[in-house]
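Below is one structure, written out as structure tokens, with a few remarks after it.
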Amino acid sequence: MSETSTTPTGGHTAQALVTQGASKPFERSTVERRAPRAHDVVIDIKFAGICHSDIHQGREEWGQALFPMVPGHEIAGVVAEVGPEVSRYSVGDRVGVGCFVDSCRECENCKAGDEQYCLEGEVPTYNGKAYDGEPTFGGYSTSIVVDENYVLGIPEGVELDVAAPLLCAGITLYSPLHHWGAGPGKKVAIIGMGGLGHMGVKIAAALGADVTVLSQTTSKEEDGKRFGAHHYYATKDESTFEELAGHFDLIVNTVSADLPIDKYLGLLGLNGTLVHVGIPEGDSSYQAFSLAGMRRSMAGSKIGGIRETQEMLDFCAKHGLGAEVEVISVDEVDQAWDRVVDSDVRYRFVIDTSTFGSGAD
Ligand SMILES: [Zn+2]
Ligand SMILES: [Zn+2]
């Protein structure tokens with residue numbers, strides 16, 4: 001029995017975890033992958049990270065979703081086959097796929113390498129439709145077919161399991177840290193130390209910044225320091241906000257809960273910036289004076305472009321960075337989702353797709 005049986009259109013059937021609706025558990029099933037076009041890369045998926053946004057989409061917490069759904073946009077694997085005009089990758093290369101698999105390639109944002117802000121709307125890796133109308137299915141699967149321009153190279157020196165979460169969590173933190181100049185002489189705070197936050201600590205420290213974790217409690221302080229944080233403060237403790245008033249150049253908020261924005265803005269010094277990468281569901285409110293009083297800015301940031309994602313992967317390889325992962329089998333994904341919601345993971349679940357079993361070689 002083979003993993004890949006050819007379909008009438010020349011594509012193949014991949015094993016996949018499929019959910020049929022917002023409250024439905026995963027089933028082991030299959031998904032049809034297209035025949036490789038001229039620039040397509042067929043990837044044998046080895047590991048797929050579980051991102052909190054998989055859960056938001058799979059449970060329709062962000063509005064109506066497309067079912068059946070195969071989530072997963074933190075994909076690491078090996079090239080199995082390439083289309084006739086592929087030049088960037090060869091069979092056997094270690095590669096990754098992140099949150100989108102295509103974009104218009106013509107708008108000013110795409111041309112600038114900011115495909116994640118494509119004006120036509122980039123094509124999400126799952127829970128979306130390609131420009132030809134075909135639904136997209138993500139990484140909780142044994143293979144995927146993606147245009148080479150939306151595939152990343154995973155350098156030697158980063159194992160595939162710890163590389164997978166870099167494709168979303170890693171770039172989500174790298175992009176704002178890079179954009180707002182985290183580096184030597186800069187005081188950077190990361191709010192929250194979960195899947196996103198722990199990567200923020202590692203990357204900000206490797207960039208040379210002075211790194212502080214702002215977490216509800218100090219329960220993960222030992223880990224935070226091991227990941228490179230220089231300081232660790234509990235936000236439950238009111239004295240934290242007095243002690244650190246006006247202290248930071250940059251604060252990156254990875255938490256999706258509602259925060260008292262004014263209190264955090266008060267931690268920024270002159271020209272400091274608070275960047276949101278965790279997106280709360282409700283409205284946020286703050287006083288304009290919290291910004292004006294010290295020429296502060298508040299901003300948001302969403303993943304990163306293809307070029308920047310490759311830069312992040314190369315940076316992580318150079319500095320020996322990967323995610324802290326708990327590798328699980330395909331049968332553990334439902335429980336893993338519940339544990340992510342309970343913040344009971346240190347720090348990212350990664351699905352080992354070899355556990356699809358027979359045929360998944
Ligand atoms: Zn994600
Ligand atoms: Zn575009």
Side-chain angles (χ1 to χ4, degrees), residues 17 45 47-59 61-62 65 69-76 96-132 136-141 144 146-147 149-150 152 161-176 192 194-200 203 252-256 276-281 300-309 312-313 316 322-325 333 336-337 340-341 343 345 347-351:
L17 283 182
I45 298 173
F47 295 97
I50 294 180
C51 175
H52 205 145
S53 68
D54 298 347
I55 301 166
H56 288 307
Q57 294 176 82
R59 293 183 174 169
E61 293 163 356
W62 283 351
M69 182 190 294
V70 179
H73 60 205
E74 293 185 339
I75 298 168
V97 177
C99 298
F100 54 94
V101 289
D102 202 0
S103 67
C104 85
R105 311 176 193 212
E106 281 166 9
C107 72
E108 58 186 304
N109 294 351
C110 280
K111 283 185 170 156
D114 289 320
E115 300 93 345
Q116 76 276 33
Y117 305 117
C118 174
L119 297 173
E120 295 293 318
E122 68 279 17
V123 175
T125 303
Y126 68 88
N127 188 27
K129 287 189 174 167
Y131 295 130
D132 65 6
T136 56
F137 298 108
Y140 296 8
S141 176
I144 192 168
V146 179
D147 183 291
N149 294 297
Y150 296 81
L152 289 308
D161 55 350
V162 304
L166 300 178
L167 277 304
C168 175
I171 187 60
T172 296
L173 274 294
Y174 181 87
S175 184
L196 294 174
H198 92 287
M199 283 313 308
I203 291 168
V252 182
N253 171 30
T254 72
V255 171
S256 52
H276 298 284
V277 300
I279 312 292
E281 281 165 49
S301 178
K302 182 179 90 169
I303 48 176
I306 293 296
R307 193 164 59 219
E308 193 177 38
T309 303
M312 176 276 305
L313 288 165
C316 287
E324 301 293 309
V325 301
V333 175
W337 274 28
V340 170
V341 172
S343 300
V345 52
Y347 285 84
R348 204 64 152 178
F349 286 115
V350 170
I351 303 163

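For ligands, and for the atoms within them, numbers begin at 1 and follow the listed sequence.
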Sequence neighbours excluded, the answer for side chain to side chain donor-acceptor pair (under 3.5 Å) partners of Arg307 is none
Nearest heavy-atom approach of Glu74 to Cys168 is OE2-CB, 3.2 Å
Protein-derived N, O or S atoms lying less than 2.8 Å from the Zn ion (ligand 1), waters not counted, sum to 3
Excluding water, the protein N, O or S atoms sitting under 2.8 Å from the Zn ion (ligand 2) are Cys104 SG, Cys107 SG, Cys110 SG, Cys118 SG
**Asked** Taking the side chain as C-beta and beyond, is there a heavy-atom pair between Thr309 and Leu167 under 4.5 Å?
**Response** yes
>> In the structure I gave you, are the side-chain heavy atoms of Phe100 and Ile303 within less than 4.5 Å of one another anywhere?
In response: yes
In short, side-chain hydrogen bond (donor to acceptor under 3.5 Å, both in side chains) pairs touching residues 119-132 with sequence neighbours left out are Arg37-Asp132, Asp54-Tyr126, Gln57-Tyr126, Gln57-Asn127, Glu122-Lys302
Taking every heavy atom of Ser103 against every heavy atom of Cys110, the minimum-distance pair comes out as OG-SG, 3.1 Å
Counting C-beta onward and ignoring hydrogens, is there a side-chain heavy-atom pair between Val252 and Val277 closer than 4.5 Å?
yes
Heavy-atom closest pair (Gly139 atom, Ala48 atom, distance to 0.1 Å) is O-CB, 3.3 Å
Heavy-atom closest pair (Tyr347 atom, Gly194 atom, distance to 0.1 Å) is CD2-O, 3.9 Å
